[in-house]
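Chain letters run A, B, ... following the sequence lines, proteins first and then strands; every chain starts at 1.
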Protein chains: 2
Amino acid sequence: MRQEKSGCPINLTMEVIGDRWSLVILRDIMFGNRRHFGELLENSLEGIASNILAARLKRLTDSGMITRTADSAHKQKVIYSLTEQAIELVPIMAMIGAWGRKHLAVTPELAIRAQLLEEGGPQMWEGFMEELRYLHLGHRQNDPPPSVLDQLTAAYLEVAARERKGG
Amino acid sequence: MRQEKSGCPINLTMEVIGDRWSLVILRDIMFGNRRHFGELLENSLEGIASNILAARLKRLTDSGMITRTADSAHKQKVIYSLTEQAIELVPIMAMIGAWGRKHLAVTPELAIRAQLLEEGGPQMWEGFMEELRYLHLGHRQNDPPPSVLDQLTAAYLEVAARERKGG
DNA sequence: TAAAACCACTTGCATAATACAATTGGTTTG
DNA sequence: CAAACCAATTGTATTATGCAAGTGGTTTTA
């Protein structure tokens with residue numbers, strides 16, 4: 001299974017992200033700011049196996065969703081970056097998160113980011129995409145964009161702490 | 001693989017629709033108005049195998065995306081209907097279609113529906129969802145909703161005809 | 001400076017999912 | 001009453017996934 005089965009937009013998109021891991025890996029790069037293989041492997045909520053992670057990173061690179069560059073500060077590390085194409089998944093990520101939050105048995109600390117993103121709407125998504133272009137594509141501007149990522153991460157940490165003490 | 005790996009909304013959603021066929025089958029029920037096993041099998045653009053189709057229909061039923069009812073007009077037929085939960089995928093379908101159309105090698109006659117849905121925006125999506133509630137959930141109202149489905153199908157047939165004669 | 005830890009993977013092997021073709025038992029049509 | 005239809009199921013082959021261990025190199029630590 002790696003042939004194009006039809007030229008339908010939905011089908012072709014599912015040929016790129018329609019598997020158990022691709023979107024979850026992109027989520028970790030995007031919202032977790034994981035840029036190295038080891039970070040993606042160790043901090044994986046779902047416990048991905050290293051061979052599967054390697055295979056997916058290769059496939060995502062081939063399909064133009066991420067790029068692979070050497071880390072100049074650490075010769076054996078590799079930096080994975082989102083492409084513009086992947087950054088444009090942000091609204092879809094937000095809507096999938098909202099759908100999942102509404103219909104499935106999500107846990108509070110993992111749902112908070114989806115909630116904020118839903119409440120923030122297209123304006124927040126656009127801000128986040130600008131930040132990702134700054135972080136992943138090296139788009140430099142006069143002022144770095146205000147960090148939506150920090151905002152989402154702070155909210156997550158807060159809820160996670162509250163949950164741990166039985167809130 | 002059928003265990004819950006994490007309570008993250010994106011992960012849980014991918015556990016439901018994150019495979020090569022589920023979203024494509026929902027697309028055919030939704031936009032192609034295919035309600036029977038045979039229709040889904042025979043008219044499948046991507047050529048799904050009958051055992052895979054049967055397995056997916058079972059799984060989609062178990063996860064509350066579709067329902068299975070007997071066809072009173074034809075005892076051996078089964079009618080598959082979308083649930084409210086699946087109907088609420090319409091905006092996601094529209095955005096996935098738009099993303100695929102922008103970034104992947106779609107064919108014109110299969111992309112026209114995605115284009116119209118993108119141009120129509122949230123207002124058209126809501127209209128289409130109302131129509132799906134009418135068709136699949138039996139929501140009766142004073143006037144049946146104006147058919148977005150007919151509009152999309154007509155546009156598809158027009159482009160398909162134009163493409164066939166080498167437009 | 002030598003040992004330990006880290007890094008991005010790869011390998012070997014078991015299990016599970018998918019693909020294809022043929023078939024099933026019942027129903028409806030001609 | 002035979003042929004076609006219907007929603008699957010069965011058998012078998014191929015491919016993907018999952019897990020544990022290992023690789024060759026680099027960086028850190030004692």
Centroid-to-centroid, Phe37(B) to Tyr80(B), below 6.0 Å? no

On the nucleotide dA8(D), are OP1 or OP2 found under 4.0 Å from the side-chain N or O atoms that Arg68(B) carries? yes

Nearest-Å distance, OH (Tyr80(A)) to P (dC7(C))? 14 Å

Tell me which pairs pass salt bridge (Lys or Arg N to Asp or Glu O under 4.0 Å) where either residue lies in residues 108-123 of chain B, with sequence neighbours left out. Arg101(B)-Glu118(B)

Side chain of Ile52(A) only, heavy atoms from C-beta on: which candidate in dT18(C), dT17(D), dC20(C) is closest? dT17(D)

Any side-chain N or O of Arg59(A) less than 4.0 Å from the OP1 or OP2 oxygen of dA16(D)? no

Ignoring hydrogens and geometry beyond distance, is a side-chain donor-acceptor pair present between Ser22(B) and Asp19(B) at under 3.5 Å? yes

Side chains of Ser81(B) and Arg68(B): does their closest heavy-atom pair fall under 4.5 Å? no

Please determine, for the side chain of Asn51(B), which listed nucleotide (dT10(D), dT11(C), dA8(D)) has the closest atom? dT10(D)

Nearest to the Arg56(B) side chain among dA17(C), dA8(D), dT10(C), which nucleotide is it? dA17(C)

Close side-chain approach of Leu135(A) to Met30(A), heavy-atom, < 4.5 Å: no

Between Glu15(A) and Lys5(A), is a salt bridge (charged side-chain N to carboxylate O under 4.0 Å, His left out) present by the stated rule, with each step listed? CA-CA 9 Å; Glu15(A) 288 187 9; Lys5(A) 300 206 179 233; over 6 Å; no

Please confirm whether the shortest side-chain N or O distance from Lys58(B) to OP1 or OP2 of dT9(D) is below 4.0 Å. yes

Contact under 4.0 Å: Trp21(B) side-chain N or O vs dA17(C) OP1/OP2: no

Report the distance from atom CG of Asp19(A) to atom C1' of dT15(D), rounded to the nearest whole Å. 14 Å

Begin from the C-alpha positions of Lys77(B) and Glu39(B) and carry the test salt bridge (charged side-chain N to carboxylate O under 4.0 Å, His left out) through to its verdict. CA-CA 11 Å; Lys77(B) 282 190 182 175; Glu39(B) 290 177 336; over 6 Å; no

When the nearest nucleotide of DNA chain C is assigned to Lys77(A) and to Ile48(B) on a heavy-atom basis, which residue is associated with the more 5' position? Lys77(A)

I'd like to compare against my own output: the B/S/- annotation of nucleotides 22-27 of chain C with a strict under-4.0 Å heavy-atom distance to protein. B---BB

For dA19(C), does either OP1 or OP2 sit under 4.0 Å from a side-chain N or O belonging to Lys5(A)? yes

